[in-house]
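Sequence lines set the chain letters: A, B, ... in the order given, protein chains first and strands last, and positions in each chain run from 1.
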Amino acid sequence: IMFKRDIAAAAAPAVADSPAALTDPILLVPVCPGRVRFFS
Amino acid sequence: QHNVLRPLCDSPKAEEAALVAQDYLNGQHTHGYKYALNRIEDIKVQVEPNGQETYVLEIDLLETNCHVLDPTPLANCSVRPKLLTAVEGDCDVVLKRVGGVLTVTAFKCKTEESTEDLCVGCSTLLPLNDTAALDFVQASLAIFNNNTVNVTYTILEVGRMSSQLVSGGPQYLVEYVVVEANCTNDACMPLNDPMAQRGICTAKGFKIAHSVDCKMFAAPMMPAVDANSTVAAAPAVPPAVHVHTDSLSRRHGLKHHKLTSLHDPQQSGLLSAESAESAEIV
């Protein structure tokens with residue numbers, strides 16, 4: 001029997017919108033592609 | 001020395017650039033249908049020492065039901081469902097922000113139909129020069145003209161032709177743009193008048209259309225003209241059926257109207273090579 005358990009939501013990466021993003025490995029987490037508006 | 005920033009693809013900055021790109025690409029598109037933004041694939045922002053920003057954007061667009069001549073705002077146009085053979089455009093777009101305003105400086109697009117979802121009984125896009133389907137278009141136009149009074153229409157552009165195999169043969173579903181025509185004997189010429197009424201027709205049926213539905217566009221807004229002033233001659237109306245003459249079309253047979261594929265006046269070097277290769281796919 002398998003139980004579904006709650007998993008803590010992953011912390012979203014900080015917005016990689018600064019030069020620090022080039023050096024900070026945390027900020028290098030892929031932030032693209034974006035949301036699909038219609039279908040993929 | 002550039003700083004390269006990677007905003008989130010769903011950030012307001014990325015969305016702003018993507019919508020500017022979408023509107024610009026639709027403005028360049030003179031045949032076929034308007035495209036709507038589906039997804040921002042990637043974005044890079046180069047910041048020069050003087051603070052000028054250059055955006056390099058990859059976006060995915062989907063074909064809508066609105067023809068480019070249809071004045072309906074894009075926001076009110078619906079994207080074609082996959083089952084009706086969706087056509088998508090993948091574009092690399094370069095934009096610059098000057099004085100706070102984003103402007104497109106280069107773009108490269110490839111347009112293709114999604115074939116991975118084809119199924120038995122689904123409709124299939126036909127080449128725009130398919131003879132049998134064009135005969136069907138003409139036959140359906142005749143039906144429409146028989147039901148109009150005082151005005152005869154001719155075909156300005158065939159937008160889409162598809163068929164679905166059902167018992168009894170192929171069932172056609174076609175879309176074409178019509179314009180008022182001046183007819184003498186059996187020949188009809190499009191009216192060379194910007195005020196000529198235009199519309200888009202949809203017809204469905206087997207060899208003979210059993211339904212023809214035409215939606216006429218609102219008359220274009222014309223500037224007021226002084227009766228004594230000299231007015232430049234109106235541009236010639238395109239031929240009855242738009243003929244694609246580029247080498248790519250001849251080799252592959254064109255199934256749909258494509259987005260303008262390349263515009264890079266300053267050879268920005270910011271457009272990916274990958275798109276150049278895949279532009280061969282139709």
* Structure fact -> Only one of V79(B), D60(B), L37(B) passes side-chain contact (heavy atoms from CB on, under 4.5 Å) with F38(A), and that residue is V79(B)
* Asked: Can you tell me how far CD of E41(B) sits from SG of C32(A), rounded to the nearest 0.5 angstrom?
  ->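 Between C32(A) SG and E41(B) CD, I get 8.5 Å after rounding to 0.5 Å.
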* Under 3.5 Å, side chain of N38(B) to main-chain N/O of F39(A), donor-acceptor pair present? ->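 Confirmed, N38(B) side chain pairs with F39(A) backbone.
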* Asked: Does atom NZ of K204(B) have more than 12 heavy-atom neighbours, drawn from other residues, nucleotides or ligands, at distances under 6.0 Å?
  ->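 Count not over threshold, so no.
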* Does D130(B) have any salt bridge (charged side-chain N to carboxylate O under 4.0 Å, His left out) partners at least two apart in sequence or in another chain, and if so, which? -> none
* Kindly give the heavy-atom pair with the smallest separation between C9(B) and G34(A), and that separation in Å. => CB-N, 3.4 Å
* Could you please state which residues from residues 14-23 of chain B sit under 4.5 angstrom from chain A, measuring non-hydrogen atom to non-hydrogen atom, sorted by number, or 'none'? =>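 The list, in residue order, reads E15(B).
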* Could you walk me through whether R37(A) and I40(B) pass the side-chain contact (heavy atoms from CB on, under 4.5 Å) test, one step at a time? => CA-CA 10 Å; R37(A) 287 159 179 76; I40(B) 300 169; 4.2 Å; yes
